[in-house]
There are 2 protein chains.
Amino acid sequence: MKYTIRDVAKKAGVSIATVSRVLNNKDRVKEETRQKVLSVIEELNYVTNFSAKALRKNQTDVIGAIVPEIANSFYGEIIQGIENKANEYDLRLIVCDGGGKLEKELDFVRFLYDKSISGMIFILTSLSDDELVKIKKSGKPIILFGRNMQAYNIPSITVDNKRGAYKAVMHLVSHGYKKIAYISGDEAPHLPDRKERLDGYRAALQECGYEIKPEYIAGGPTQTISTVFTHLMELPEPPDAIFCAYDELALGVLKTAQQMGVKIPDDVALVGFDDLRICQYTSPPLTTVKQPTYMIGNLCCEKLIYTLDQNNEVPSVNLVIPPQLIVRESCGC
Amino acid sequence: MKYTIRDVAKKAGVSIATVSRVLNNKDRVKEETRQKVLSVIEELNYVTNFSAKALRKNQTDVIGAIVPEIANSFYGEIIQGIENKANEYDLRLIVCDGGGKLEKELDFVRFLYDKSISGMIFILTSLSDDELVKIKKSGKPIILFGRNMQAYNIPSITVDNKRGAYKAVMHLVSHGYKKIAYISGDEAPHLPDRKERLDGYRAALQECGYEIKPEYIAGGPTQTISTVFTHLMELPEPPDAIFCAYDELALGVLKTAQQMGVKIPDDVALVGFDDLRICQYTSPPLTTVKQPTYMIGNLCCEKLIYTLDQNNEVPSVNLVIPPQLIVRESCGC
DNA sequence: GTGAAAGCGCTAACAT
DNA sequence: ATGTTAGCGCTTTCAC
């Protein structure tokens, strides 16, 4: 049985307006009537119809988040951060697994965004700046993680990739490594991560007066990790350390190295980027630059809620999060 | 600018009823008018207001799913399976991270379920049978994973835990291991997994005529994995193989063993249960019993959608999924 | 094949 | 302090 506000009103002997009042406790209601209404609500087990409420108020308590891959714990942790924060504010979260496909993301935006959701969070989206601006213009607040959109007046959060890479390489240098290679993996043209991390790598070497050898910068989009790694180790002067643009690359290197009988960190040191959960369990455990995923999710959601509250009239700044070097054993330090 | 069906009607020179007709293409509309309306919709960039639609039709196109921990890739993969399937049917998914806490789950049920969602999926819920039955009675379809609720007429999906454990232990036995221990980890009183896996372990040993030694069945709720493992290895007759009730336990054993200088699989073989993503990256890679997470998510969602379509008039059966032994290196076979 | 009109359940003026 | 009422945008009879 589904009761409406009308049923409650009749049974409590008041008008529906009064019921609505106690439900939303905005206007004041006589304590006596309030109690009466409350008891009837309890008795009938009445629950508000949120579609009706949403229609009337023209806003819902649902937000959306698009991630490239939910099953990846990196994104799972971000989602968790978003969801937990959303719950604090009685907001619900619709998740969208973009699968890294632009078309799928666009579908979500079309189907979901114009729907009754209050706002949306984009995690490492494939959408172009233009598309994002268009969405933003369509009215509802959006938050981005992974791209600085301050120039477009869209609030965003980024991790200081350059600094993270710099720290990683510096750590290697300070422990005596002199021939440090960089594996970049596949490119994501719309995302600045790779480039920034490469910049950090370069900056560190430069600062130390080390030569930046082109043959030490490896890993195009089409090559497998094992080819890249093998190639690197077969160089006349193989590197004594490798910095990978992201952990999955490092994981691949770890595996290949093991198969080839190359010892890590004894033969080559290895450092990754992201700090996936797996990193603590590999052998050796992987030294890496941590992106604080849960916190990132939290912050994205907080920013969105803030924008929601402020009715979108907020200066849209980019928040940059400092990365943290997690030293484990793969760097041999 | 937000246009309504009314705007479209006016601009197209038809009634709102007609617009609704072409929108839902149920009743037939003259091809000419349909085209006209369609073009106006396109031109105005009209999108339906889903709150209104939901209110009117008294049903939404969103479903909910409760999992213990989104950030865990095991659940992440299930969520992904649910989400992907839902999208095929133009359904959206609200995720709820229960954090393993009963109270939080209950909150979701209260806050979410009675709301405008069409149905709900419970993944390894902490809710009691009674609570589940009550929810089911309240009208909307629910699906369970991890507990057989057929007796209560609630459709559910389970993995054949006993058979999985049996397979794992049998594999160990067939490769010559004779002293096989079982680590059960913390108990989840409402979930039958642990018990079933223990049963499988027992059944296998029994079938082989091996003695079931109480001291080989280890791991209460309060002990850390390292204590349990150490204790096991200090037994007058330490086991030559360990079967863990779930992968995280095995991961812990792996770590402890490494710290203690115990070689796996040379000193003790190790087998887990679940097949977390991490398992392929550990060293040695972990032999384990796979629960097909993505498929589980898919099936849960499919079952829910089916129930939705059939208006809940379906015999509620339990579907049991056969587990699969994934042989890697930790068992030394 | 198309239009008019009656609500779905709720909130928010506006009355009283 | 409480009641009356007008919609929010849509689907769906029921006429024509």
Side-chain angles (χ1 to χ4, degrees), chain A residues 1-41 44-62 90 111 113-118 139-140, chain B residues 1-41 44-62 90 111 113-118 139-140:
Chain A
M1 209 71 343
K2 200 78 178 284
Y3 293 106
T4 76
I5 206 175
R6 210 155 247 109
D7 300 314
V8 176
K10 181 147 40 153
K11 185 137 196 172
V14 296
S15 76
I16 59 165
T18 302
V19 178
S20 178
R21 282 188 187 102
V22 348
L23 244 23
N24 300 286
N25 49 4
K26 299 188 78 170
D27 294 314
R28 50 180 0 62
V29 179
K30 209 206 297 173
E31 189 52 29
E32 195 185 322
T33 11
R34 143 170 274 105
Q35 287 309 330
K36 177 65 187 161
V37 170
L38 249 23
S39 81
V40 173
I41 286 175
L44 257 37
N45 215 330
Y46 163 85
V47 286
T48 51
N49 179 319
F50 284 80
S51 302
K53 188 168 183 166
L55 171 59
R56 184 55 232 246
K57 303 191 46 162
N58 195 28
Q59 62 149 48
T60 50
D61 48 359
V62 179
D90 277 349
F111 192 90
Y113 185 75
D114 284 317
K115 185 174 190 147
S116 315
I117 66 162
S118 301
K140 290 185 189 165
Chain B
M1 212 71 344
K2 200 79 178 282
Y3 293 104
T4 76
I5 207 174
R6 208 154 247 111
D7 300 315
V8 177
K10 180 145 43 149
K11 186 139 193 169
V14 296
S15 75
I16 60 167
T18 301
V19 177
S20 176
R21 283 189 185 101
V22 348
L23 243 22
N24 300 286
N25 49 3
K26 299 190 80 171
D27 294 314
R28 50 184 355 67
V29 178
K30 209 205 299 173
E31 188 52 29
E32 197 184 321
T33 11
R34 140 170 276 104
Q35 288 308 331
K36 177 64 185 162
V37 170
L38 249 22
S39 80
V40 173
I41 286 175
L44 256 37
N45 215 330
Y46 164 85
V47 287
T48 47
N49 178 319
F50 284 81
S51 301
K53 186 168 184 166
L55 171 60
R56 184 57 231 248
K57 304 193 41 164
N58 196 27
Q59 61 149 44
T60 50
D61 49 359
V62 347
D90 276 350
F111 191 91
Y113 184 75
D114 284 317
K115 186 172 190 144
S116 314
I117 67 164
S118 301
K140 290 182 190 169

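Here the structure is a predicted model, which means the values were calculated and not measured. Side chains included, hydrogens not; waters and symmetry mates left out as well; all remaining heavy atoms used. In the text below, chain A, chain B and the rest are named by the order of the sequence lines, each starting its count at 1.
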Q) Heavy-atom distance under 4.5 Å between the side chains of B:L23 and B:T48, does that happen here? A) yes

Q: Look up atom NZ in B:K11 and atom NZ in B:K36, then write down how far apart they are to the nearest 0.5 Å.
A: 8.5 Å

Atom pairs under 3.5 Å, N or O on each side, protein against nucleotides 7-9 of chain C: can you list them with distances?
{"from": "C:dG7", "atom 1": "N2", "to": "B:R56", "atom 2": "NH1", "distance (Å)": "2.9"}
{"from": "C:dG9", "atom 1": "N2", "to": "A:A52", "atom 2": "O", "distance (Å)": "3.4"}

Q: Look at the side-chain N and O atoms of B:T18 and state whether any lies under 4.0 Å from the OP1 or OP2 oxygen of C:dG3.
A: yes

Q: Supply the atom-to-atom distance B:S51 OG to A:Q59 CD, rounded to the nearest 0.5 angstrom.
A: 10.0 Å

Q. In Å, rounded to the nearest 0.5 Å, how long is the span from CZ of A:R6 to OG of A:S15?
A. 10.0 Å

Q.
What's the separation between atom NZ in B:K30 and atom CZ in B:R21, rounded to the nearest 0.5 Å?
A. 13.5 Å

**Q.** d(CG, B:N25; C1', C:dG1) in whole Å
**A.** 15 Å

Q. Which whole-number value in Å describes the distance from B:I16 CD1 to D:dT13 C1'?
A. 13 Å

Q: Residues of residues 28-40 of chain A with any non-hydrogen atom less than 4.0 angstrom from an atom of DNA chain C: list those, numerically ordered, please.
A: none

Q | Interatomic distance, A:R34 atom CZ to A:T18 atom OG1 [nearest 0.5 angstrom] | A | 11.0 Å

Q. At under 4.0 Å between heavy atoms, what does B:L23 touch on the DNA or RNA strands: base, sugar-phosphate, or nothing?
A. nothing

Q. Is there side-chain contact between B:N49 and B:T4, with heavy atoms separated by less than 4.5 Å?
A. no

Q. Taking CD from A:Q59 and P from D:dG9, how many angstroms apart are they, rounded to a whole number?
A. 14 Å

Q.
Do A:I5 and A:S20 have side chains that approach each other closer than 4.5 Å (heavy atoms only, starting at C-beta)?
A. yes

(Q) Between A:R21 and B:G13, which residue's closest nucleotide on DNA chain C lies nearer the 5′ terminus? (A) B:G13

Q: Give one of base, sugar-phosphate or nothing for A:D27, where a contact means two heavy atoms less than 4.0 Å apart.
A: nothing

